[in-house]
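Beneath this line is the structure, given in structure tokens, with notes to follow.
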Amino acid sequence: MTPLYEGKAKRLWATEDPNVLRMEFKDDATAFNGEKKAQFENKGRLNNAISTLIYGFLEKEGVPTHFVRQIDERNVEVKKVDILMVEVIVRNLAAGSFSKRTGVEEGKVFSQPIVEYSIKSDALGDPLVNDDYIRELGLATPEELAFLRASALKVNGILSDFFAKCGLKLVDFKLEFGRLAEDPATIVLADEISPDGCRLWDLKTGEKMDKDRFRRDLGGVMEAYEEVLQRVKEATA
Ligand code: TMP
Ligand code: ASP
């Protein structure tokens with residue numbers, strides 16, 4: 001069997017239901033658009049467990065998502081979607097590429113969250129784009145983009161409170177959305193929500209508990225993910 005799609009951290013497989021796919025979490029880690037690569041034993045299992053709990057929580061909070069059910073440690077069932085080629089990033093504090101681009105020190109708290117967009121393309125290096133680019137590139141209509149922005153801010157509110165209960169500061173994160181295969185007028189949250197695509201800092205110590213540990217060679221990558229899982233489990237129990 002060959003997957004329908006293989007990305008850097010996941011594979012998508014067909015199921016008997018044409019509107020449902022199996023999403024498999026791999027142990028591969030990449031950074032800087034795939035330039036830096038490694039494998040971490042258990043990463044797929046940990047991200048699947050974290051993402052499944054967070055998706056369940058978001059659904060309970062009324063956020064429509066692609067999530068159907070967890071199959072096993074490595075796999076979930078998701079609704080088939082046509083992924084929008086625009087990534088939506090929300091930032092509560094300065095970090096990462098924001099700090100690099102602006103010279104603002106990491107950790108500065110924004111008065112309101114920043115929402116930004118990039119094209120989902122490793123070949124182009126996920127370039128930052130604005131509303132006009134997205135309209136002219138046909139990545140989303142202005143109405144769809146307004147929906148993405150509002151949804152991302154809603155998710156930010158829910159997850160900021162949720163991670164605070166976990167003793168973690170939600171610094172920033174990336175979301176992806178897709179049009180349902182069975183109803184393309186409906187856009188839902190897709191992809192995973194895990195320490196791969198969120199910056200999470202320990203509220204007490206400020207310690208980084210996310211993929212920056214890999215990006216910056218800080219060590220203890222899986223130990224941090226395991227700790228995030230334990231705290232997410234407690235917060236959802
Ligand atoms: P950045 O500061 O590197 O732009 O990243 C912002 C957030 O988005 C951070 O939490 C990591 C996440 N992210 C991804 O999940 N995938 C990506 O390709 C990039 C560039 C960032
Ligand atoms: N997700 C991107 C990559 O894997 C960038 C990153 O997360 O740093 O290359």
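Both ligands and their constituent atoms are indexed starting at 1 by order of listing. Please read these numbers as outputs of a predicted model, since none were measured by experiment.
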Handout entry: Nearest-contact summary for atom 4 (O) of ligand 2 - protein heavy atom, Å
Key = T30 OG1, 2.2 Å
Practice task
With heavy atoms of G34 as the reference, note each atom of ligand 2 found under 4.0 Å away.
Solution key: 3 (C), 9 (O)
Practice task
Give the C-alpha distance, both sets of side-chain angles, the deciding distance and a yes or no for side chain to side chain contact (heavy atoms under 4.5 Å, CB included) between C198 and D210.
Solution key: CA-CA 7 Å; C198 302; D210 56 66; 5.7 Å; no
Practice task
Considering the heavy atoms of G96, write down every atom of ligand 1 situated less than 4.0 Å from one of them.
Solution key: 2 (O)
Exercise for the section: Kindly confirm or rule out an N or O of N33 lying under 3.5 angstrom from an N or O of ligand 2. Expected result: yes
Exercise for the section: Could you tell me if the ring centre of F214 sits under 6.0 Å from that of F40? Expected result: yes
Exercise for the section: Decide yes or no on side chain to side chain contact (heavy atoms under 4.5 Å, CB included) for W201 and E106, but give the supporting numbers first. Expected result: CA-CA 12 Å; W201 294 353; E106 284 210 322; 4.3 Å; yes
Practice task
Just need the protein heavy atom nearest to atom 17 (C) of ligand 1, so name the residue and atom and give the distance.
Solution key: D126 OD2, 4.0 Å
Handout entry: NZ/NE/NH1/NH2 to OD/OE distance under 4.0 Å, E6 and K26
Key = yes
Exercise for the section: Calculate, to the nearest 0.5 Å, the distance between atoms CG and NZ belonging to N92 and K169 respectively. Expected result: 6.5 Å
Exercise for the section: May I ask you to check whether R215 has an N/O atom sitting below 3.5 Å from an N/O atom of ligand 2? Expected result: yes
Practice task
Over 60° means perpendicular and under 30° means parallel, so classify the ring planes of H66 and Y55, tilted if in between.
Solution key: tilted
Problem - Atom indices of ligand 1 within 4.0 angstrom of C198 heavy atoms, with elements - result: 10 (O)
Problem - Numbered atoms and elements of ligand 1 in range of S97, under 4.0 angstrom, heavy atoms - result: 1 (P), 2 (O), 3 (O), 4 (O)
Problem - Residue selection (non-hydrogen contact nearest atom 16 (N) of ligand 1) among R215, R199, K174, R91 - result: K174
Practice task
For the pair F163 and F173, evaluate ring pair (Phe, Tyr, Trp, His ring centres under 6.0 Å) and give the outcome as yes or no after the intermediate values.
Solution key: CA-CA 12 Å; F163 281 120; F173 60 97; 8.7 Å; no
Handout entry: Proximal candidate to atom 7 (C) of ligand 1 [heavy atom criterion; set D210, D196, D122, D172]
Key = D172
Exercise for the section: Search all heavy atoms of V68 against all heavy atoms of K79 and return the closest pair with its distance. Expected result: CG2-N, 3.6 Å
Handout entry: Any protein heavy atom nearer than 4.0 Å to atom 21 (C) of ligand 1
Key = no
Handout entry: Within reach of ligand 2, part of K211 (heavy-atom separation under 4.0 Å)
Key = side chain
